[in-house]
Asks: 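Mind looking over this structure? Questions follow.
The figures here come from the full heavy-atom set of this structure, side chains too, leaving out hydrogens, waters and symmetry mates. Quick note on labels: first sequence line is chain A, next is B, and so on, each numbered from 1.
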There are 2 protein chains.
Amino acid sequence: MISRPPRPRERGIPEATVARLPVYLRALQSLQDRGTLTVSSEDLASAAGVNSAKLRKDLSHLGSYGTRGVGYEVQYLVYQISRELGLTQDWAVAIVGIGNLGRALANYGGFGTRGFRIAALLDADPEMVGQSVASLDVRHIDNLEDVVRSKGVSIGVITTPAASAQGVATRFVEAGVSSILNFAPVVLNVPDGVDVRKVDLSIELQILAFHAQRRADGDGRAAERAGLELT
Amino acid sequence: MISRPPRPRERGIPEATVARLPVYLRALQSLQDRGTLTVSSEDLASAAGVNSAKLRKDLSHLGSYGTRGVGYEVQYLVYQISRELGLTQDWAVAIVGIGNLGRALANYGGFGTRGFRIAALLDADPEMVGQSVASLDVRHIDNLEDVVRSKGVSIGVITTPAASAQGVATRFVEAGVSSILNFAPVVLNVPDGVDVRKVDLSIELQILAFHAQRRADGDGRAAERAGLELT
DNA sequence: CCCACTTTGTGCGTGCTTTCACAAGCACGT
DNA sequence: ACGTGCTTGTGAAAGCACGCACAAAGTGGG
């Protein structure tokens, strides 16, 4: 007799799967807009740009929401993924650093429809404070703690210069924000339990450059050698 | 006797390593600015926010550039990583979609110093064409092929609305651009051999929301149960 | 010249991710 | 009621990535 059941109904969705759920969700919403009622794993996978086996395994982590011989019901799957991602509730977001990028994010409409609400804009520059961006007044960074508390901010976005980013992150954490999206090109130091995600434009370009160079090298060598193995 | 040697001097750097090299590079440049001459894997790893064993293994893929008992020479390592990433040459970048985000990227100074040069800005809106952004004239999208050829553009950045992104990608590819950085929230369809990287703000927020919700659920349950196992 | 100390480079075990391939399950027509 | 055809859900295998722990290799002091 096995005393411990194999898994005590574990809620552990693999990280790689979590990163793909938003992609599936978007593909599904697009299908929904077109009035599609059901979709097969094959079709949804190709819309999301992944392998169909991977898609099925990913969805299987949420439960068995498909019907064999038919596929998945679009509307139901949209709801299940949204719920799993926590989009059925409303997340208040604060953006610190109202430069070009901060303004771009503030004006980006795609958030509201997906459970995110820009609740506050903050900046250190007195010139900026009081200006209205995307129907919100820019407030001074010294109000960060107040704003987090009064608006119930739970996600902080950092679009400041690199030099200020760590300070802002620390203040976010101390004010109780434990989810941070960082656009500044620095590695943030935060205590355990705080979740930081980094978006770094110049890193993406560098990765592209690496592959481009490798392709060019390969092509060059291949041309020289009149192309033997092209693995 | 084994007829085939284990590895024919393979140039295969793992993808995960490539993604971290830019982070190391930035940390090293920061050390260089401070006048540091050598650095240990331990120190560099902590500056880059990774495990020191991982850092050493990553660097070992480039060759043996460290000295046991001493560490790595900063300047030399900067050069080796830059060369490996292809930053010793100059990459011409074209940005299509001069909205808030496109402008933010065009004005972002961090590229020039790292081998990237914004060579052209394009937009479909006649109102936008002719305006000057970041010392460059915005040109109409119909000039894409000309611009790619005359400026030698090898990296395309897409910051258009979702609906236009696929069309722009296709035109980039047909014009000979095989590295694309896509900010539009769609999955791009491109032929083999074309490298697309995606940056998606709302996906990052959704991943943060997932973890935040999971933390909240866990805390809630833990509080109810007076906290047993806190794995 | 040798010894103690430091730090790199890497073999190896472990766990996560992807992919294949197929049994299980459902719908529909006869 | 039953077979046919399609699609899901999932073992099992292969491939990657991570991190420990240690031998190898260098430095510097006596």
Asks: Classify the side chain of R68(B) and the base of dT8(C) as holding, or not holding, a donor-acceptor pair under 3.5 Å.
Replies: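 Side chain to base: pair found, below 3.5 Å.
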Asks: According to a strict under-4.0 Å criterion, is S41(B) in side-chain N/O contact with OP1 or OP2 of dT7(C)?
Replies: no
Asks: Just by distance, no angles: are the side chains of S179(A) and R215(B) close enough, under 3.5 Å, to form a donor-acceptor pair?
Replies: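 Yes, side-chain donor-acceptor contact under 3.5 Å.
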Asks: Does OP1 or OP2 of dC26(C) have a side-chain N or O of Y72(A) closer than 4.0 Å?
Replies: no
Asks: Scan side-chain atoms only and decide if S30(B) and R26(B) contain a donor-acceptor pair under the 3.5 Å cut-off.
Replies: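 On atom types as modelled, these side chains do not qualify, holding no pair under 3.5 Å.
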Asks: When you check the side-chain N and O atoms of Y79(A) and Q75(A), is any donor under 3.5 Å from an acceptor?
Replies: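 Distance-only check fails for Y79(A) and Q75(A).
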Asks: Looking at L105(B), I95(B), I158(B), which one forms a side chain to side chain contact (heavy atoms under 4.5 Å, CB included) with F183(B)?
Replies: L105(B)
Asks: Locate the shortest heavy-atom distance separating Y65(B) from R83(B); write the atom from each residue and the value.
Replies: OH-NH2, 3.7 Å
Asks: Has S64(B) got a side-chain N or O lying under 4.0 Å from the OP1 or OP2 atom of dG9(C)?
Replies: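 Indeed, a polar side-chain atom of S64(B) lies that close.
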Asks: Using only side-chain N and O atoms of T67(A), determine if any of them is under 4.0 Å from OP1 or OP2 of dC26(C).
Replies: no
Asks: Rounding to a whole Å, what distance do you find between L55(B):CG and dC20(D):P?
Replies: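 Distance, rounded to whole Å: 14 Å.
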Asks: Separation of Y65(B) atom OH from dT10(C) atom C1', in whole Å?
Replies: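 Whole-Å distance recorded here is 17 Å.
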Asks: Quick check on the helix from dC1(C)-dG30(D) to dT30(C)-dA1(D): what's the angle between its two end axes, five base pairs per end, to the nearest 10°?
Replies: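 The end axes of the helix from dC1(C)-dG30(D) to dT30(C)-dA1(D) are about 0° apart, to the nearest 10°.
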Asks: Using the side chain to side chain contact (heavy atoms under 4.5 Å, CB included) rule, pick out the option among D43(A), T38(A), L44(A) that qualifies with S40(A).
Replies: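 One option only clears the test, and that one is D43(A).
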Asks: On DNA chain D, check which nucleotide each of G69(A) and V70(B) is closest to and give me the residue with the more 5' one.
Replies: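 Of the two residues, G69(A) wins.
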Asks: Mind checking if S52(B) touches a base, just sugar-phosphate, or nothing, with heavy atoms under 4.0 Å?
Replies: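 The answer is nothing, as S52(B) stays clear of every strand by at least 4.0 Å.
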Asks: Taking atom types as modelled, find out whether Q166(B) and T170(B) have a side-chain donor-acceptor pair closer than 3.5 angstrom.
Replies: yes
Asks: Atom CG of L77(A) to atom P of dT7(D): distance rounded to whole Å?
Replies: 16 Å
Asks: Report yes or no: does T159(A) contribute a side-chain atom to a donor-acceptor pair with the main-chain N or O of V96(A) at less than 3.5 Å?
Replies: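 It does hold such a pair.
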Asks: What integer distance in Å separates E73(B):CD from dG26(D):P?
Replies: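 Rounded to whole Å, this separation is 16 Å.
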Asks: Please state how far atom CG in L62(B) lies from atom C1' in dT8(C), giving the value in whole angstrom units.
Replies: 14 Å
Asks: Treating primed atoms plus P, OP1 and OP2 as sugar-phosphate and everything else as base, which nucleotides of nucleotides 12-21 of chain C get B, S or - for protein heavy atoms under 4.0 Å?
Replies: B----SSBBB
Asks: Within this structure, what is the CD-to-P distance between E42(A) and dC6(D), rounded to whole angstrom?
Replies: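 After rounding, the gap between these two atoms is 13 Å.
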Asks: Closest heavy-atom contact between V153(A) and A119(A)?
Replies: CG2-CB, 4.4 Å
